[in-house]
**Q** 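This is the structure, below, for whatever I ask next.
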2 protein chains.
Amino acid sequence: MTKPQPTRPLSIGELGRRTGTKVETIRYYERIGLIAAPARSAGNYRAYGSEHLARLSFVRRSRDLGFSLDQVRALLDLADQRDRPCGAVDAIAKQHLEEVERKIADLEALRRELDAMVAQCHQGTVAECRIIEALSPHPEA
Amino acid sequence: MTKPQPTRPLSIGELGRRTGTKVETIRYYERIGLIAAPARSAGNYRAYGSEHLARLSFVRRSRDLGFSLDQVRALLDLADQRDRPCGAVDAIAKQHLEEVERKIADLEALRRELDAMVAQCHQGTVAECRIIEALSPHPEA
DNA sequence: TATGCACCCTGTAGCAGCTACAGGGTCAAG
DNA sequence: CTTGACCCTGTAGCTGCTACAGGGTGCATA
């Protein structure tokens, strides 16, 4: 049922198309050591196999979920230690979740302030503008 | 009641302390033309007046509210045109508000995904880890 | 066979918005 | 007269790409 024969090599463009990653980004990931350098063809073209496809897909998905490149690197490492407990994985994910929650809270505070500012603008002149006023310093000394 | 005599000049360090801005950041703002270059003392030290203090406070407050440097530049320009209608100010603020709302929505979608991922982790080995699994590609072909 | 075109290669510079040096000068206190 | 805190300029680094420039490769078509 499964097909054990190796997939034939993908060009960098193909790999990019299949993972939704720009070619330059793939080369960048290789340069910073996030994904392994693949074999080269006779003409010095990068030749990727299915393991690269899986790897890059993992990276893409992690990036889409907002993990930093360092976190992705750590997750990739952990994903390879299949017989170790997954507490470290959980820790990274939880830490990221907390960051995301912090950011949401910050942005919501921001939204409230901006909302209030915008609501007060009566479309007069700049001199009377509540937005400019809200941004201007009101020295308490 | 008001004190019309000019405040004596502030050093860049003082200005930084009063506005909560790092010295390097102030110099950076000057370099990119966001705030005007001040007069210099005999020893070539920057000497800031109250107008710089007000200006930088405005910048800080705008930055805290998440406006980009380009937006801050535009807001500063507009703040000077006191007799013009403030529609343009309103437009910048509204545009920013929309951006913030988009970001919140994006982050909330993210949080839901991360939440679901983290909730499924049963603290087994990496091989069984639902987080790793969620990140791994599941080829449909 | 030539040639055109899409693709690939390396290397470098740019984006935002700072931050952090290095390597010096200035100034007031003790 | 030295110490230490401050200031100066200039440049390089950070994240995570993106966009060239200036070439080489590979395949189809006239």
Side-chain angles (χ1 to χ4, degrees), chain A residues 8-35 37-49 52 55-56 58-76 92 95-96 99-100 103 106 110, chain B residues 8-35 37-48 52 56 58-76 92 95-96 99-100 103 106 110:
Chain A
R8 56 154 112 210
L10 278 65
S11 71
I12 194 169
E14 256 307 296
L15 183 65
R17 243 164 278 132
R18 298 216 193 167
T19 57
T21 314
K22 298 212 166 138
V23 165
E24 285 100 331
T25 305
I26 300 176
R27 284 197 282 247
Y28 170 71
Y29 286 164
E30 180 183 321
R31 206 164 56 243
I32 64 168
L34 193 64
I35 56 173
R40 295 294 180 115
S41 75
N44 200 30
Y45 283 19
R46 286 172 180 82
Y48 294 98
H52 290 100
R55 211 80 172 158
L56 184 54
F58 186 101
V59 170
R60 283 292 338 204
R61 174 106 182 95
S62 306
R63 293 290 300 137
D64 284 349
L65 287 171
F67 288 97
S68 73
L69 290 182
D70 268 1
Q71 288 174 322
V72 175
R73 217 187 296 266
L75 288 171
L76 280 172
I92 293 175
Q95 190 200 326
H96 181 45
E99 262 166 52
V100 167
K103 272 188 199 165
D106 287 356
L110 214 63
Chain B
R8 55 156 113 207
L10 279 66
S11 71
I12 195 168
E14 258 305 299
L15 183 64
R17 245 164 276 129
R18 298 215 194 168
T19 58
T21 314
K22 297 210 167 139
V23 165
E24 285 100 331
T25 305
I26 301 177
R27 285 197 282 248
Y28 169 71
Y29 285 165
E30 180 183 322
R31 207 163 57 243
I32 63 167
L34 192 64
I35 56 174
R40 295 294 180 115
S41 76
N44 199 31
Y45 283 20
R46 285 172 181 82
Y48 294 98
H52 291 100
L56 184 54
F58 186 100
V59 170
R60 284 292 338 205
R61 175 104 182 95
S62 306
R63 292 290 300 138
D64 284 349
L65 288 171
F67 287 97
S68 73
L69 290 182
D70 269 0
Q71 288 175 321
V72 174
R73 218 186 295 266
L75 287 172
L76 280 172
I92 293 174
Q95 189 201 325
H96 182 45
E99 262 166 54
V100 168
K103 272 188 200 165
D106 287 355
L110 214 63

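Both backbone and side-chain heavy atoms feed into the values below; hydrogens, waters and symmetry mates do not. The sequence lines fix the lettering, A, B, ..., with proteins before strands; numbering per chain opens at 1. Note that the coordinates shown come from a computational prediction; the quantities given were computed from them, not determined experimentally.
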**Q** For side-chain contact (heavy atoms from CB on, under 4.5 Å), just list the numbers for B:L65 and B:V100, CA-CA rounded to whole Å, side-chain angles, deciding distance to a tenth of an Å, and then say yes or no.
**A** CA-CA 10 Å; B:L65 288 171; B:V100 168; over 6 Å; no
**Q** Supply the atom-to-atom distance B:L69 CG to B:L34 CG, rounded to the nearest 0.5 angstrom.
**A** 6.0 Å
**Q** Could you pick out which residue, A:S41 or A:K22, lies toward the 5' side of DNA chain D when each is mapped onto its nearest nucleotide?
**A** A:K22
**Q** CZ of B:R63 to OH of B:Y29: how many Å apart, nearest 0.5 Å?
**A** 5.0 Å
**Q** When you check every protein heavy atom under 4.0 Å of nucleotides 5-16 of chain D, what one-letter string (B, S, -) results, 5' to 3'?
**A** -BSSB------B
**Q** Phosphate oxygens OP1/OP2 of C:dT19: is one of them under 4.0 Å from a side-chain N or O of B:T25?
**A** yes
**Q** Counting C-beta onward and ignoring hydrogens, is there a side-chain heavy-atom pair between B:R18 and B:L56 closer than 4.5 Å?
**A** no
**Q** Between CD of A:E30 and CZ of A:R46, what distance do you get to the nearest 0.5 Å?
**A** 4.5 Å
